[in-house]
Amino acid sequence: MTFADLVQYVATGLLVGGVYALMSIGLALIFGVMRVVNFAQGDFMMLGMYLTYFFAIGYQVDPLLGALITIPPFFALGLLVHRVLLVRVTGGGDPQREMDAQLILTLGLSLIITNATTMILSPMPRGIRTAYATQAFAAGPILVNQARAYAFLMALLLAAAVYVFLTRTDLGKALRAAADDPEAAGYQGINVRAMHGIAFGVGIGLVAAAGGLLATYHPIEPTVAVNFIVLMFVAVVLGGLGSIPGAFVGGLLIGLVQSLTLLVLPFQLQNVGVFIAFLLVLYLRPQGLFGQRMRSV
Amino acid sequence: MPTTLSRRASALLPFALLALAGLVLTFAIQERYHHRILTLTLVWATMGLSWNIISGYAGQISFGHQAFFGIGAYVTILLIVHLGLTPWIGMLVGAAAAVLAAVLIGFPTFRLAGIYFALATLAYPLILRIFMDFLGYQEVAIPMIRERAWVYMQFLDPRAYNLLVLAAFLAVFWLSHAIERSRLGYWLRALKENEPAAEAMGVDTFRCKMAAYMLSAAPPAIIGAIYAHAVLFVVTPDAVFGLLVIVQTLVVCLVGGAGSKWGPLLGAAIMVPLSETLDMTLGDRFPGIQGIVYGAALVLVMLFAPEGLYWRFRGLLVGRRSAPAAALQPIASPQPDAAAPRAVATDGTPILEAHGVSKAFLGLRAVEDVSFVVRQGEILGIIGPNGAGKTTLFNVLNGFLLPESGEVRHRGQPITGLRPNRICRRGIGRTFQVVRAFPHLTVLENVMVGAFVRDAAEPDARARASAALARIGLETRADLLPTGLTTLDLRLMELARCMATAPELVLLDEPLAGLGRDGIEVMMALIRRLRAEGVTVAIIEHTMHALVRLADRLVVLDHGRLIAEGPPAQVTRDPAVIEAYLGKRWLRHAEGLRA
Amino acid sequence: MKATWVRLSGIIGAIALILGAAGGPVPLQPGPALAAEELKISLVAPLSGRWARQGQLKKMGAEMAIDEINSAGGIKALGGAKIVLREADAGDSVEKAVSAAQRVLSREKISAGIGSWLSSFTLGVTEVAERLQVPWFTLSYADTISERGFKYTFQSSPVSSLQAEQALDLILDLAKRNNQQIKKAALVGDNTAAIVFFFKPLREKLLKAKGIEIAVDEVWTPPLADATALVQKLRSAQPDIVFYGATNFPDSIQVLQKVKEFGLKVPFMGVGAWLVTPEYVQALGKELLDNIMSVTAAHPLKGQEELVDKFKKRTGEPFMTQDPLMTYYHVWLIKEAAERARSTDPKAIREAVTKLELTSGAAANALAPGRIRYDERGRRMWAAPIIVQWQGGEPFTIVPAELATRKPFWPAAK
C-alpha cells in the first residue's frame, strides 16, 4: 500500500465526513442550547433533500444552491415546531424527565413525517443527476469526487458561518448565554424561550441544507434518515456536548474512521470501527473531545 | 403504620390481580391474532420493566438494552441449531451471557453520565448487529420441530405462549417490587436524584449501578429467547439488536411512566394493541397511515403527560404531597434524645488528620499544603474569605477529590483516595453548602438512605431514620416532599440524614447559610447537642459571629493556605487573619485603632 | 389505598383496551356480499417503510392478474367465483411481517398467499402459513426457504446457489459467443442473504472449477459509506467480469457513479432484480446504465409484449420487472390450482399445486421454460435464471437466447 493510497483513504474519509459534520452541527446546536434529543432530525434532513430535489427538477436549480435556499423555509418550520410542540416539554426545570418526553415526542414526529412523505410523495427513490457527481478532480494519483468536494466546501462555509454567528453576533452570544445558564440569561433580559426557538430553527435549517448537499450524490427516499441518524448523534456526543466545533470535528472524525477502518478490518465491519473509536474516545475523555467536564461537588 | 400482615397483603394484591387478569385474557380470547397481541403486549411490558430497573430506578438511561435481548435470542437459537440444545436451558445460558455482557459493558461505561452513557450503551448492540451479519447469521430460522415440540418451546396453541410470557412478566414484576422495597431500591433512587449526595451518604454508587444493570440484563435475554420463538420464527440481527427494539421499549416505558413498576405495563397495554389495531384497520388498506396516527398518539401523550401516564394519573388522583401553603411553625427546639448518648471522650485523640494536602485546578492552587488535626469531641471551625479553598478542602477530606499531594488519615489509617461512600461508612458524615436533597423522596425516605448504611433491612432502616428525625425534631415533616420545605427544615433534614449514618465525625459545610436569626440559634443548639452526644464536628462557616461562639478551635484558610489556628479569641485578633478578611488597609486602620 | 385504586383502574383500563382490540372492528369489506364463493388470496409484502416500493410493485402485478381473471369470468370450476386480494402490510420488520401474516390468515378464510420479498420476512411468514396450513408462494431466492421440510411453501425462483451455477455457465457461454475470455472475476456485494447464498458457491468451487481467478472479493454491510475504496480495487484488478450484489439502492447508486467517475469499463453482472428497476434510470441516466446485466428469476420474455403493454398502461410504470411479473404468475397459478381442486380450501389448493403440470395458459407463459411443476420441496422444477441487460434505458431479456427480447451486447472491457 503506497502513500498515495493512504492519502486517498484520508481524502475520501474527510469528504464523507464533511457532510456528516454539517448534519451534526444542527443537532449539536439544538442539543447544546436546549438539551433536546431530536429523534426527528434525520427526517427534517430528508425533507430538505426533497425540497432541493424539487428545485432541481422544477427550476433547474443546482442542488448546491438549492441546499442554501432550503435554509429559510426550514428555519421557519423549526420555529413553528418548537413553538407548537417542543415548548411544552422543555425549559421546565426537570431535564431528566424532559429528555424522556422529548425523545418520545420527536419519535412520534419522526413517524408522522416519514409516513406522510411515503404516502404523499410515494416511496420510489429519486435522484438528482448532476454532471459533477460522476466526475473527479485529479490531484496527482488522488481522485477527489467533485460532488463530494463541493458539498464539503459548502459544509465548511456553513459551519464557519454558524461559528461566526455564535461568537460574533449579539444574537449568537445570547443563544450561548441561554445555553450555559438559562436562569442567569433570563435575569439579563434574554428571552430564553425565544432563544430555544431560534436555536431549533437554525438547527433544522442546517440539517435541511446538509440534506440538500447530500442530495448531490445520494438518492432521496422517505426513509433515508435511518442511515444517518445514529452517526449524527455519535458525532455530536463524540465532539462533546455543547460544542459546535466539536460536532464538526466529530463528523469529520467519523468519516475518517470509516475510511481508515477499511485498512484494518474487513469491509463488513466498517462501522464497527466507528463505534469502537467512539467508545474509546468516551472512555478516555468522558466529556467528549471538546466538551466541558461536569463540575464536581 | 400499617401492620406487617396488611402490608404483605397489599403487596400481593396487585400481583394476584395481574396474574388473574392475564389468565382471564389468555382463556377468554378466541382469535389467534389477538393472542399474538397479548403476547406482544406482555413481551414489551417485560422488556420495559427490565429497562426500568437500570433506567427508571437508577436513572441511567440506556439506549443499548437490546444488546441483552439480542444476546438471549441469538445464544438460544444458535444452541438449538448447532447443538440441538433445548431453548428451556438455552435461554438460561443466554441470560448468563447477558449478565456477563452487562458486567463487561457496565464497568467502563458507568463513569459516563446522561446522554454520553446512553449513546455509549447504544454502540454495543450496533456492533453486535454488524458482527452477526459478518458471521453469517443474517437469517437464522428456528427449525420447526414436529414431534414433542414443547421440548423446543414450540407450541401450536398460542395460549401456551401467552402463559409463558405472562410468567416471565410476573417474575420481572415481582423483581421490580422486591427492588423497590429493598435497600438497593432506595439507594438507586438516591443516586438517580443526586449522585454526589448519595455517595456522601454511604451509597456505593458504582456497585449499585452495576447491581441494577446485572439485574436488568437477565430478563431481556429470557424474553428475547421467548420472543424469537413466539413472535419472530426467524432471528435477524436487525430484529433483535436493532433500533426498533429499543424504540419499542422506550415508547412503552416513557408513555407509561418510568421509575414505576406499573408504568411499562400501562404503556404496553395501550401502545401495543393500539399499534396492532391501527395495522389491522387502517394499515392494510392505506399503508403508512397507521404510522401517522401512531406518531400523533405519541406526540399527544407526551404533550398531555410528559412524565408518563402512570405518574400523571397518580398526580391527578392522589394529589400533591408537598408542604401545604400555610407554613408549619418552624421547629423551636429539638426533642431530647431517647437513646443513651455516647460517652463523651474529651481526651483529644485526633480523629482526622490532614498532612500537607494540596489540590490544584488547571494551575489554580485551591488548597496548598494544608495540615491540621480534628480532635475527638471538639467543634472545629474552618473559616476564611470567599475562594479560600474551604469547600475544596472538605471535598478532599470526604473523598470527592484526590489531592495532588499530602494525605488524610482517619484514626491513624490513611483514607486519601477512598471513595466518599467508603469514608462515610467509616463514620465520617458530610452536609453540603447547598442542600442536596433527594427531591422525589419524602423527608423520611431521604433520611432512610443514610440509615441504610447501618441497616440492611427496610423496617430497621425506617426505624433508625424515624429516630434520627425525632432527635432532630423533624418528625412532623416525615411524609412531606422536600420541595416547599423551609431552608431550616431542609438543613435539618440533611443533618438528620447525615446522622442516620451514625457518624463519629461530621463535616458541615456552611450549615447556617440562608437561615434567619432564629434558625441560626436552632442550628447552633443542635450542633452543640450533637457534640454532647459524642459526635465530633468540623464546620465551615462564613458567619463569624456565630462561629466564634460555637467553635472550640478555629482554622483559617486564605488563598488555599492555612494562615492561623487556635482558639477563636486568639485567631480573631491575628493580624494575618484580619488582613485576609479585610485587607491591608483595614489592618493598618485596626492597628491604629488599637494603638 | 388511593394508590391501589389508581393501579386497579390502570389494569382495568388496560384490559378494556385489549378486549376492545380483541373485539375489534371487522375489516372493511369491499362491496356487497357476492352470490358465488370468493377465492381470497393474501399478499403480505412491505407496503410502508423502507421497502414499500417493492411491495407496491408486487401488488400491481397481483391486481393485474386478478382483474384479468375476474373479468374473464373468474374461476369456472367454482361457478365463476371471483378472486379477492387481501393485502397485509409487512412493514419494515420481521415482527410486523409475521404479525401481518398471522392477522390476515387467522381472521379470514384465505386460500393461498404470496409474499414477502425480503427473505427474512418470507422465512417468518411461511412459518405462519405452514402452521396454519395455507399454501404460500414466494419469489425470494434464499436456499433456506425451501430447505425446512415444509409442505406448504412454494418457491418459484431458482434458488441462489443454483442461480450461481447456472448463471456462470450462461455467462461464460455469452462471453464466448462474443469472443471474450473470462480469466478474472470480482465478487462485490453486500451481506444480505440472497447475495451471500449466490456468492458462496462461486467463491468456494464454481469459479475455481472453471479456472477463473477471484481478483477482488469485497462484501460490505449496508449502508455503504463510500464506494471509493471498492472501485479503486476494481480498477487495480481489472477483472473480466464483476458479480455485483448491492441490494440497497443508495449503495448501488454510489458504486455505479464511482465506476463512471473512475472511467472503469468492466462488464457488470448483478445478482437480482433490484438492479433493473426504473428508479435507476432517473438516478443515473441511460448512458451510464447501458450494458449492465443482471441475473434474475424472471423478466418479460419474447411473446409477452402484450402483457407488458397492458401493465405499462395500467400502472404508468415505464417497464415491467420481476416483482410484478412473479406476483402476476402466482395469482394465475393459484387460479389454475383452484380450478383443478374445485375448492377454495387451502389444503385442497396445496394438493392441486403439488400435482399440477402446466404447459399453457397465462401462468405457464409468464415464466421460462413455459412448463410449470413443483418438486417435493416446493421448488419450481426447471427454473432457470434469466439474464437481463440494460439497453437504452430499459432492461431486456438477453438469455436464454430463444426467449430473449434483444440481442446481448458484451461491453467492451478495459
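Naming convention: chains lettered A, B, ... in sequence-line order (proteins, then strands); numbering from 1 in each chain.
A cation-pi arrangement is found for B:Arg312 relative to B:Phe304, the charged atom lying closer than 6.0 Å to the ring centre and inside a 45° cone about the ring normal.
No part of C:Thr126 comes within reach of chain B, as not one of its non-hydrogen atoms sits under 4.5 angstrom from that chain. Contacts of B:Ser260 with chain C are absent, with no heavy-atom separation under 4.5 Å from either backbone or side chain. For B:Leu156, the part lying near chain C is the side chain, with the backbone staying farther off; criterion is any non-hydrogen pair under 4.5 Å. Contacts between C:Thr221 and chain B at a heavy-atom distance below 4.5 Å involve the side chain alone, from C-beta outward. Heavy-atom distances place the backbone of B:Phe134, and not its side chain, under 4.5 Å from chain C. Within the 4.5 angstrom heavy-atom criterion, no atom of B:Gln30 approaches chain C. Of the two parts of B:Leu40, only the side chain, counted from C-beta on, holds a non-hydrogen atom closer than 4.5 Å to a non-hydrogen atom of chain C. Heavy atoms closer than 4.5 Å to chain B are found in both the backbone and the side chain of C:Val94.
Aromatic ring centroids of B:Phe173 and B:Trp262 lie under 6.0 Å apart. A distance below 6.0 Å separates the ring centres of B:Trp44 and B:Phe69.
Comparing C:Ser120, C:Ala142, C:Ser48, C:Gly124 by heavy-atom pairs within less than 4.5 Å of chain B, the highest count is held by C:Ser120. The candidate from C:Ser93, C:Ala88, C:Ser99, C:Pro46 with the greatest count of non-hydrogen atom pairs under 4.5 Å with chain B is C:Ser99. For the options C:Glu127, C:Glu95, C:Gln102, heavy-atom pairs under 4.5 Å to chain B are most numerous at C:Glu95. Comparing C:Arg103, C:Glu87, C:Lys96 by heavy-atom pairs within less than 4.5 Å of chain B, the highest count is held by C:Arg103. No other option in C:Leu105, C:Leu132, C:Asp92 has as many heavy-atom pairs under 4.5 Å with chain B as C:Leu132.
Looking only at atom types and distance, the side chain of B:Asp238 has no donor-acceptor partner in the side chain of B:Thr236 under 3.5 Å away. In this model, no donor atom of one side chain and acceptor atom of the other lie less than 3.5 Å apart for B:Tyr33 and C:Arg107. Side-chain atoms of C:Gln155 and C:Tyr141 form no donor-acceptor pair, as typed in the model, at a separation below 3.5 Å.
A pairwise comparison of heavy atoms in B:Ala73 and B:Gly224 identifies CB-O, 3.7 Å as the closest pair.
Between C:Gln54 and C:Leu57, the closest side-chain pair of non-hydrogen atoms is not below 4.5 Å.
Under the 30°/60° scheme for interplanar angles, the aromatic rings of C:Phe121 and C:Trp51 are found to stand perpendicular.
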